[in-house]
**Q** 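Let me give you the structure first, and then I'll get to my questions.
It should be emphasised that the depicted structure is a prediction, and the values quoted were computed from it without experimental measurement. Worth knowing before you read on, the calculation uses all heavy atoms, side chains too, and leaves out hydrogens, waters and symmetry mates.
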Amino acid sequence: MDLGKAIREGRERLGMSQEALAERLSVSRQAVSKWEMGTSVPSPENQQALSEILTVDFQAEPASPLRRWKRLTLAAGFLCLALLAVLVWILSNARQDGWPPPVEPQVTGVYFYDEDGQEISKSDFGWYLFSPNSTVTVAVTFQDGRECSVEQVVLFLYPTGTGVAEERQQLGVRRIRDGRTFVLFRWEIPAWLYSHFEVQLECGDGQTISAFRCNVIDRDSAF
């Protein structure tokens, strides 16, 4: 029989109130109430006194440890679910960010935004179209490699139909600080634009990686 139930039934059989039983044991009425509800367990000395007063021979079957075990089991279940959610999130972001890191650094994205903050997408024929004499924001995201990290990002512009280094125009340079994995550039679009756009990653070991290329043109010159 449950210990709390045995105490209550023994007390009621003798017509004894909780206050009277508490007085006999020199404890508070609240202590007796907690024993009967199973939220606490009497000490071994009180258990012996209860056996003598109520003439009941019982072994304590504490309910509290059982409830604690249930709470621990429930908490462990929630913890497992939380860990599973974290693992799914890590794996999802790992696939998106190219984890584990590649041997060499790589660009993970290049985005163009107009003066209203709207992203400029590629046209159907694969060129980025810009309004002449406007200013765009260029956002470059990248990932360090296992063997070297990115120290600065450089933007270049090449005339179409050539890759000669002497003819390229440097649009901007951004040094990497505070472990960031993105940089922002402001680029003023000329009145006439018909070129190849290139992003280069310069690493700490002196290595330069041409990580992204695309075609850019102003809308007035678009074909």
Side-chain angles (χ1 to χ4, degrees), residues 84-223:
L84 180 60
V86 170
L87 180 60
V88 170
W89 182 86
I90 290 174
L91 292 176
S92 176
N93 282 273
R95 288 191 293 271
Q96 294 175 4
D97 297 338
W99 188 90
V103 176
E104 294 184 344
Q106 64 180 16
V107 169
T108 56
V110 177
Y111 312 93
F112 300 95
Y113 299 91
D114 62 22
E115 294 174 293
D116 295 326
Q118 299 297 316
E119 184 175 355
I120 302 170
S121 301
K122 279 185 178 180
S123 66
D124 294 337
F125 50 87
W127 288 62
Y128 285 95
L129 301 178
F130 302 111
S131 299
N133 298 313
S134 64
T135 300
V136 300
T137 299
V138 185
V140 179
T141 61
F142 61 88
Q143 183 177 18
D144 289 331
R146 293 197 298 270
E147 298 181 356
C148 58
S149 58
V150 178
E151 285 201 348
Q152 62 183 21
V153 179
V154 188
L155 304 186
F156 289 102
L157 204 61
Y158 289 86
T160 55
T162 179
V164 180
E166 290 76 9
E167 297 187 32
R168 69 181 181 180
Q169 174 189 356
Q170 181 174 291
L171 299 179
V173 180
R174 292 289 186 273
R175 291 192 60 82
I176 307 306
R177 303 181 185 278
D178 304 324
R180 294 180 181 177
T181 56
F182 72 92
V183 289
L184 299 175
F185 297 85
R186 298 283 286 175
W187 179 23
E188 295 183 1
I189 305 301
W192 185 89
L193 176 68
Y194 196 79
S195 304
H196 302 302
F197 180 91
E198 181 177 346
V199 178
Q200 286 190 358
L201 304 179
E202 296 186 355
C203 308
D205 59 358
Q207 182 181 10
T208 297
I209 300 171
S210 178
F212 176 85
R213 280 192 178 186
C214 66
N215 298 318
V216 292
I217 189 173
D218 71 277
R219 292 184 181 275
D220 291 348
S221 302
F223 50 89

**Q** Take E104 and I209, measure what side chain to side chain contact (heavy atoms under 4.5 Å, CB included) needs, and give me the verdict at the end.
**A** CA-CA 8 Å; E104 294 184 344; I209 300 171; 4.0 Å; yes
**Q** Looking only at heavy atoms, which two atoms of V153 and I176 are closest? And how far apart?
**A**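 Smallest heavy-atom distance, with atoms named: CG2-CD1, 4.0 Å.
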**Q** Can you tell which of W127, Y128, F130, F112 makes a ring pair (Phe, Tyr, Trp, His ring centres under 6.0 Å) with F197?
**A**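 The ring pair (Phe, Tyr, Trp, His ring centres under 6.0 Å) with F197 is passed solely by F112 among W127, Y128, F130, F112.
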**Q** Taking only residues two or more places apart in sequence, or in another chain, which ones meet E198 in a salt bridge (Lys or Arg N to Asp or Glu O under 4.0 Å)?
**A** R213
**Q** Mind checking whether E119 and Y111 have side chains closer than 4.5 Å, heavy atoms only?
**A** yes
**Q** With the side chain counted from C-beta on, respond yes when V154 and Q170 share a heavy-atom pair under 4.5 Å apart, and no when they do not.
**A** yes
**Q** Any chance you could measure D114, atom CG, to S134, atom OG, to the nearest 0.5 Å?
**A** 8.0 Å
**Q** Donor-acceptor check, side chain of D144 to backbone of P105, threshold 3.5 angstrom: yes or no?
**A**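 Not at all, since once roles are kept as given, no pair shorter than 3.5 Å links the two residues.
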**Q** Work out which heavy atom in A211 is nearest to a heavy atom in V107; give both atom names and the distance.
**A** CB-CG2, 3.2 Å
**Q** With rounding to the nearest 0.5 angstrom, report the CD to OG distance, E115 to S131.
**A** 8.0 Å
**Q** If you apply the rule side chain to side chain contact (heavy atoms under 4.5 Å, CB included), what do you find for V140 with L155, and how did you get there?
**A** CA-CA 10 Å; V140 179; L155 304 186; 4.3 Å; yes
**Q** How long is the span from the CG atom in L201 to the CD atom in Q143, to the nearest 0.5 Å?
**A** 11.0 Å
**Q** Between V138 and L171, is there a side-chain heavy-atom distance shorter than 4.5 Å?
**A** no
**Q** Rounded to the nearest 0.5 Å, what separates atom CZ in R175 from atom CD in E151?
**A**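 Answer for the CZ-CD pair, R175 versus E151, is 5.5 Å.
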**Q** What are the two closest heavy atoms between P132 and D220, and how far apart are they?
**A**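 So the minimum-distance heavy-atom pair works out to CG-OD2, 3.3 Å.
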**Q** How long is the straight-line distance from CZ of F156 back to OH of Y158, given to the nearest 0.5 Å?
**A** 6.5 Å
**Q** Is a side-chain donor-acceptor pair under 3.5 Å present for E202 with Q207?
**A** no
**Q** For D218 versus L193, what's the shortest heavy-atom pair and its separation?
**A** OD1-N, 2.7 Å
**Q** Closest heavy-atom contact between S195 and L157?
**A**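 Minimum heavy-atom separation between S195 and L157: CB-CG, 3.6 Å.
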**Q** What's the verdict on side chain to side chain contact (heavy atoms under 4.5 Å, CB included) for I120 and L129, showing C-alpha distance, side-chain angles and the deciding distance?
**A** CA-CA 8 Å; I120 302 170; L129 301 178; 5.8 Å; no
**Q** Keeping S210 on the side-chain end and Q200 on the backbone end, is there a donor-acceptor pair under 3.5 Å?
**A** no
**Q** Using atom types as modelled, flag every donor-acceptor pair under 3.5 Å from a side chain in residues 180-190 to any protein atom, sequence neighbours excluded.
**A**
unit_1, atom_1, unit_2, atom_2, d
R186, NH1, T137, OG1, 2.9

